[in-house]
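The next block holds one structure in the form of structure tokens; read it before the comments.
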Amino acid sequence: MIAFNIPPYVGKEQEYIKQAIETNKKLSGDGVFTKKCNAWFEERFNTPKALLTTSCTHALEMSAILAEINPGDEVITPSYSFVSTVNAFVLRGAKIVFVDIRPDTMNIDENLIEDAITEKTKAIVPVHYAGVACEMDKIMDIARRHNLYVIEDAAQGVMATYKGQALGTIGDIGCYSFHETKNYTMGEGGAILIQNKELVERAEIIREKGTDRSKFLRGQIDKYSWVDIGSSYLPSELNAAYLFAQLEEAETINNNRLKTWNTYYNELKGLEDEGLIELPYIPEHCTHNAHMFYIKCKDLQARTDLINYLKMNSISAVFHYVPLHSSVAGLQYARFHGADRFTTSESERLVRLPLYYGLEESNVRYILTTIKGFYE
Ligand SMILES: *Cc1c(COP(=O)(O)O)cnc(C)c1O
């Protein structure tokens with residue numbers, strides 16, 4: 001069976017974990033490796049503050065606290081996303097307001113956002129699906145005019161850009177995931193990137209159980225205490241050591257994924273030209289990170305048939321999000337503003353092909369031959 005995903009492993013991970021144990025003798029959070037990862041993001045992506053977190057889910061939860069989401073507030077986001085995008089805000093008592101996606105990128109339709117704004121709206125949460133950017137200029141303009149926070153769910157967007165800017169560094173806050181299914185991993189983990197400097201100090205406090213321990217460790221105060229609400233959002237050094245090995249090889253991982261992505265794209269173009277499938281669309285001003293390669297079949301039935309055919313031929317291909325608004329919790333905690341023209345219908349057609357660092361070229365060829373065989 002060709003796996004859908006294998007977690008990336010570039011070689012130095014074990015050495016760095018050993019260093020954390022034997023040399024640094026530091027396993028809890030915010031040691032040498034965590035600091036190296038934070039600095040890597042800040043320098044590389046030109047952002048004032050990056051902090052590793054225990055997951056992207058937790059980075060989103062921190063964002064909801066930082067944006068002072070209170071019961072009754074509304075948050076605008078697409079329904080075509082992962083549960084954590086909305087749960088983080090629902091936990092603070094927010095009502096989720098979904099708007100439709102664009103069929104070309106599967107991202108939130110920026111032209112539908114403004115109409116969904118009410119006096120209760122507090123934040124817009126764009127999700128950069130498959131590492132392809134949302135239309136951030138338009139979204140930032142709307143947010144500034146209505147005095148709203150923009151929190152980017154850039155879980156899939158590490159190393160991708162919008163008009164040259166790293167995803168996750170454009171809104172007030174950006175959230176990354178280093179889950180084992182993402183481009184760079186630490187098993188479970190994430191990061192919060194904070195562009196809005198007014199939020200930095202509070203972010204450090206929330207992440208450290210509501211204490212000013214970060215200031216204390218920097219020698220800025222002589223004791224630390226409980227100053228705010230918070231939780232334990234800092235990951236272990238062991239996880240940070242694993243991630244740092246991957247960040248050092250970020251280009252290698254990115255190029256390897258892009259190579260596979262481009263092979264899929266070029267080889268399947270013929271089927272698209274024949275009108276049998278649709279391929280992903282990358283707007284000209286976006287560079288993507290090959291987080292995902294998906295194709296869209298004619299309809300739900302065609303997708304089911306293709307997935308089964310691939311499975312019979314030992315290839316694991318999978319569909320993706322079931323729109324959140326139609327789920328049990330979605331009915332309770334959210335509403336859909338406007339018509340669902342594309343969210344449900346486009347999501348039903350989408351199937352993701354195996355794509356991971358180190359996927360062998362021979363396997364890519366076999367997958368392509370099998371897909372072409374299905375359409376003959
Ligand atoms: C993976 C993912 C998350 C959650 O990331 P975790 O690190 O597993 O918490 C959130 N949003 C999106 C869009 C994701 O793809």
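All of these numbers come straight from a predicted model, not from anything done at the bench. Whatever order the structure lists them in is the order used to number ligands and atoms, beginning at 1. Hydrogens, waters and symmetry mates play no part in the numbers below; they use all other heavy atoms, side chains included. Sequential numbering from 1 along the given sequence is applied to the chain's residues.
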Atom 3 (C) of ligand 1 sits nearest the protein heavy atom F82 CD2, 3.5 Å
How are the rings of Y224 and F216 set to each other: parallel, tilted or perpendicular (split at 30° and 60°)? tilted
Does an N or O anywhere in Q156 fall below 3.5 Å from an N or O of ligand 1? yes
Atom 14 (C) of ligand 1: closest protein heavy atom, distance to 0.1 Å, is A155 CB, 3.3 Å
At a 4.0 Å threshold, what atoms of ligand 1 neighbour a non-hydrogen atom of S55? 7 (O), 9 (O)
Atom 1 (C) of ligand 1: of M186, K182, H179, the nearest heavy atom sits on K182
Once the angle between the rings of Y265 and W261 is folded into 0 to 90°, is it parallel (under 30°), tilted (30 to 60°) or perpendicular (over 60°)? parallel
Identify the residue among V99, I101, D100 that makes a side-chain contact (heavy atoms from CB on, under 4.5 Å) with D340. D100
Stepwise, does the side-chain hydrogen bond (donor to acceptor under 3.5 Å, both in side chains) test hold for Y233 with E61? CA-CA 9 Å; Y233 291 127; E61 285 181 25; 3.1 Å; yes
For V127, counting its heavy atoms only, list the atoms of ligand 1 lying under 4.0 Å from any of them. 13 (C)
Quick test: of every protein heavy atom, which one is nearest to atom 7 (O) of ligand 1, and how far off is it to 0.1 Å? S177 OG, 2.7 Å
Just which atoms of ligand 1 are under 4.0 Å from any heavy atom in G189? 7 (O)
In terms of relative ring orientation, are Y321 and Y80 parallel, tilted or perpendicular, with 30° and 60° separating the classes? perpendicular
Answer yes or no: does atom CZ of F319 have more than 12 heavy-atom neighbours from other residues, nucleotides or ligands under 6.0 Å? no
At a non-hydrogen distance cut-off of under 4.0 Å, which region of Y176 contacts ligand 1 (side chain, backbone, both, or neither)? neither
Side chain, backbone, both or neither: which part of D153 has a heavy atom under 4.0 Å from ligand 1? side chain
Give me the ring orientation class for Y294 and Y129: parallel if the planes are under 30° apart, tilted from 30 to 60°, perpendicular past 60°. tilted
Ligand 1 to E188 polar contact by distance, N or O atoms, under 3.5 Å: no
Which class fits the ring pair Y162 and H285: parallel under 30°, tilted 30 to 60°, perpendicular over 60°? perpendicular
When you check the gap from the basic side-chain N to the acidic O, do E267 and K372 get nearer than 4.0 Å? yes
Ligand-side contact atoms (ligand 1) for residue partner T57, heavy atom cut-off under 4.0 Å: 4 (C), 6 (P), 9 (O)
At under 4.0 Å between heavy atoms, what of C56 touches ligand 1? The answer is both
If the contact criterion is a heavy-atom separation under 4.0 Å, does Y321 count as touching ligand 1? yes
